Enquirer: 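I'd like to ask you about the structure that follows.
Start at 1 and go down the list; that is how both ligands and their atoms are numbered. Note that the structure is predicted; figures quoted are calculated from it, not measured.
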Amino acid sequence: GVEKGDRVVIYMPMIPEAVIAMLACARIGAVHSVVFGGFAPHELAIRIDDAKPKVLVTASCGIEPSRTIAYKPMVDRAIEAAEHPPSAVVVKQRPEVAADLMEGRDLDWDVAMRLGRTSPAGVVEVGATDPLYILYTSGTTGKPKGVVRDNGGHAVAMTWSLANVYDIGAGDVWWAASDVGRVVGHSYIVYAPLLAGATTLMYEGKPVGTPDAGAFWRVIAEHRVKALFTAPTAIRAIKKEDPAAVHVGEYDISSLELLFLAGERLDPDTFAWATQHLGVPVVDNWWQTETGWPIAANLRGLEPMELKAGSPSVPVPGYDVRVLDPDGAPLPAGSEGAIAIKLPMPPGTLPTLWGDDERYVNSYLSTHEGYYLSGDGGFIDQDGYLYVMGRTDDVINVAGHRLSTGAMEAVISQHPAVAECAVIGLADPLKGQLPRGFVVLNAGVEADPDDIRSELVAMVREEIGAVAAFRAVDVVGGLPKTRSGKILRRTMRDIADGKQAQVPSTIEDAGVLDTLTPVLRQGE
Ligand code: COA
Ligand code: AMP
């Protein structure tokens, strides 16, 4: 019953059926919204209520190194919690777990496929500006942003970027070791390689632990992969387990010509290690769910340039990248500020947020007239190379997963003992960043702070999901605030990172910082 314009939520592990479901939607003009499997039922419910799907497609389980995760009970809980539940659920039964199906609502994937074979659906024509998909990503509040992708501009951007940025064409074997629930998966596991006629590889595994730190090199050797695209975190995980890269020598990876890294800042150590041990150019590229394809990169298929550690190189054609001061004036080379893109944005980038034009304008276009605000800070050097140093808002990046500290705060503040709280992202050598919470308890609470800590950790895992990796929380006497009550998260972050903290003159009680500083600096 799905028709052009209807939404379909896809909550699946890394199995081919996930891609088949996405492409089935594209074929009939339906709008897919893939939700990453690491999110808990509550987060799935929020996305269901925003997208209001007619159908949800899932599988009986996902396979993680430490456990098999039954998806169907989570889907059932999300649907129960949702105000706009789908009318049907299609379930791919995997051999590891058999999901219970609800009579009248749930349909077995294989049964549906058999029915479909007798009357295949025809191709439905869509306009270039009709939506192809919605992909939810973390904003600064608990409500995720539904990034909309259109059809025409997207196809242009995918086809152009795969050839010109990644140097991949028809017949090449290409491996984006990401997840279909992320933008890298949408763009470079699914659409770009298939539009270009390249072979795309799907991998349901991790860089380490499935079974060892040689897994990536084995897959490259087995399939003669020309270029690998992954996150710096994955390389750091491999480097941690196999610092001398012994596993690299166990496989013939001579087919590999390029390694692309994105999703978080590529630190110079990881860049140096990968360059030394793989012997191929290691190419950083910077972009976001919102843009769908690189904003800055070293254009391997068009004009390869010198690679500089710490920089994703230069703006990609189509993006006019500027670094702005707080008043919106362009800054000279070497000065750090807000990274913005001068309008218009190129094809393929988000035309709006699903059902919320106003939030789109407020989030991205209102701060500086005529610019799209990326949310990242950084600078451009004398040679025109961009350096992206990190988010300037309350979005953090944990092992390549983009997360909202605001969403974690919303969960924590539901605890009856908590008066107020702040969650900030702190540097971590493996995952890039890890969230850390600070809570002030209500007066008179007598519970053991250790119990409260474990309850808060469990609540975040339960409500947001294991990917949040929220494990550290401190009970403190007070949080630094302005006189108008705004918590000074930036100041806390700077202190924790050992930087010279800017303490605003509007701070209510500067004494709070004296007691908080030793706590923030713990574990540095
Ligand atoms: N479905 C269900 N649960 C998931 C999940 C999924 N799709 N993905 C992750 N999780 C769970 C994990 O099982 C883990 O649970 P645990 O706390 O019970 O162990 C938790 O979420 C955190 O997972 P992860 O972020 O994968 O951390 P890790 O410590 O298990 O592994 C790395 C560390 C570095 C190996 C891993 O983060 C990794 O492979 N990162 C690369 C990310 C990537 O490829 N990004 C691509 C972007 S371009
Ligand atoms: P996502 O929307 O999940 O792809 O996350 C986008 C965010 O990840 C960006 O706004 C950056 O903060 C960060 N990011 C992605 N790629 C890079 C990169 N190459 N260098 C630095 N930060 C990056």
Enquirer: What distance separates Asp376 CG from Met389 CE, expressed to the nearest 0.5 Å?
Expert: 11.0 Å
Enquirer: Using 0.5 Å steps for rounding, measure from the CG atom of Asp381 to the OG atom of Ser335.
Expert: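 Between atom CG of Asp381 and atom OG of Ser335 there are 12.0 Å.
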Enquirer: Counting heavy atoms only, which of Thr233, Val467, Leu261, Leu430 comes nearest to atom 34 (C) of ligand 1?
Expert: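 Of the listed residues, Thr233 has the closest heavy atom.
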Enquirer: Does ligand 1 have any atom sitting under 4.0 Å from a heavy atom of Lys240?
Expert: no
Enquirer: Per the side-chain contact (heavy atoms from CB on, under 4.5 Å) rule, which among Arg47, His32, His186 passes with Leu135?
Expert: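 For Leu135, the side-chain contact (heavy atoms from CB on, under 4.5 Å) check succeeds only for His186.
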Enquirer: Out of Lys206, Met12, Arg182, Arg67, whose heavy atom is nearest to atom 19 (O) of ligand 1?
Expert: Arg67
Enquirer: Which is closest to atom 29 (O) of ligand 1 by heavy-atom distance: Arg402, Met74, Lys431, Glu204?
Expert: Lys431
Enquirer: Could you tell me the residue and atom name of the protein heavy atom closest to atom 6 (C) of ligand 1, and the distance to it rounded to 0.1 Å?
Expert: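 In this structure, atom 6 (C) of ligand 1 has Gly38 N, 3.4 Å as its nearest protein heavy atom.
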Enquirer: Can we call the ring centroids of Trp286 and Tyr319 under 6.0 Å apart?
Expert: no
Enquirer: For atom 48 (S) of ligand 1, what's the nearest protein heavy-atom neighbour? Residue, atom name and distance, please.
Expert: Val184 CG2, 3.4 Å
Enquirer: Under a 3.5 Å distance rule, please check whether Thr200 uses its side chain to pair with a backbone N or O of Val190 as donor and acceptor.
Expert: no
Enquirer: Determine whether the aromatic ring centres of residues Tyr166 and Tyr188 are separated by less than 6.0 angstrom.
Expert: yes
Enquirer: Of the protein's non-hydrogen atoms, which lies at the shortest distance from atom 14 (C) of ligand 1, and what is that distance?
Expert: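 For atom 14 (C) of ligand 1, the nearest protein heavy atom is Ala466 CB, 4.1 Å.
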Enquirer: Could you identify the single nearest non-hydrogen protein atom to atom 44 (O) of ligand 1 and state the distance to 0.1 Å?
Expert: Ala177 O, 3.2 Å
Enquirer: Can you measure from CD (Glu290) to OH (Tyr372) and round to the nearest 0.5 angstrom?
Expert: 4.0 Å
Enquirer: Atom 18 (O) of ligand 1: which protein heavy atom is closest, and how many Å away?
Expert: Arg461 NH2, 2.7 Å
Enquirer: Is the distance between the ring centroids of Phe216 and His247 under 6.0 Å?
Expert: no
Enquirer: Quick one: look up the protein heavy atom nearest atom 37 (O) of ligand 1 and list residue, atom name and how far away it is.
Expert: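 That would be Ala399 CB, 3.4 Å.
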Enquirer: Is the NZ or CZ atom of Arg182 positioned over Phe36's six-membered ring, under 6.0 angstrom from the centre and within 45° of the axis?
Expert: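 Yes; both conditions hold, so Arg182 lies above the ring face of Phe36.
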Enquirer: Tell me the contacting part of Tyr71 for ligand 1: side chain, backbone, both, or neither, using a 4.0 Å heavy-atom threshold, strictly below.
Expert: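 Near ligand 1, Tyr71 shows its side chain, while the N, CA, C and O stay back.
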Enquirer: Should Phe260 be listed as contacting ligand 1, given a heavy-atom distance under 4.0 Å as the test?
Expert: no
Enquirer: What salt bridge (charged side-chain N to carboxylate O under 4.0 Å, His left out) pairs are there with at least one residue in residues 135-144, not counting sequence neighbours?
Expert: Asp50-Lys143
Enquirer: Would you check the N or O atoms of Ala262, main chain and side chain alike, for any that come under 3.5 Å of an N or O of ligand 1?
Expert: no
Enquirer: Going by heavy atoms, is Gly263 under 4.0 Å from ligand 1?
Expert: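 Not so, Gly263 does not reach ligand 1.
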Enquirer: Is atom 31 (O) of ligand 1 in close reach of the protein, with a heavy atom under 4.0 Å away?
Expert: no
Enquirer: Among protein heavy atoms, which lies nearest atom 3 (N) of ligand 1, and at what distance?
Expert: Ile69 CD1, 3.4 Å
Enquirer: Considering only protein heavy atoms, which is closest to atom 13 (O) of ligand 1, and at what distance to one decimal place?
Expert: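 Its nearest protein heavy-atom neighbour is Glu64 OE1, 2.7 Å.
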Enquirer: Report the distance from atom CZ of Phe39 to atom OH of Tyr11, rounding to the nearest 0.5 Å.
Expert: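 Nearest 0.5 Å value for the CZ-OH distance: 9.5 Å.
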Enquirer: At under 4.0 Å between heavy atoms, which part of Met14 makes contact with ligand 1: side chain, backbone, both or neither?
Expert: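 Neither part.
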Enquirer: Indicate, with yes or no, if the rings of Phe229 and Trp175 have centres closer together than 6.0 Å.
Expert: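 Centroid separation for Phe229 and Trp175: 6.0 Å or greater.
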Enquirer: Between atom CG of Leu403 and atom CD1 of Ile464, what is the distance when rounded to the nearest 0.5 Å?
Expert: 7.5 Å
Enquirer: What does the list of residues with a heavy atom under 4.0 Å from ligand 2 look like, ordered by chain and number?
Expert: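 Those residues closer than 4.0 Å to ligand 2 by some heavy atom are Val183, Gly263, Glu264, Arg265, Asp284, Asn285, Trp286, Trp287, Gln288, Thr289, Asp376, Val388, Arg391, Asn397, Arg402.
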Enquirer: Below 4.0 Å from ligand 1: does a non-hydrogen atom of Glu264 turn up there or not?
Expert: no
Enquirer: Using heavy-atom distances only, which candidate in Ala469, Pro207, Gly400, Ala234 approaches atom 39 (O) of ligand 1 most closely?
Expert: Pro207
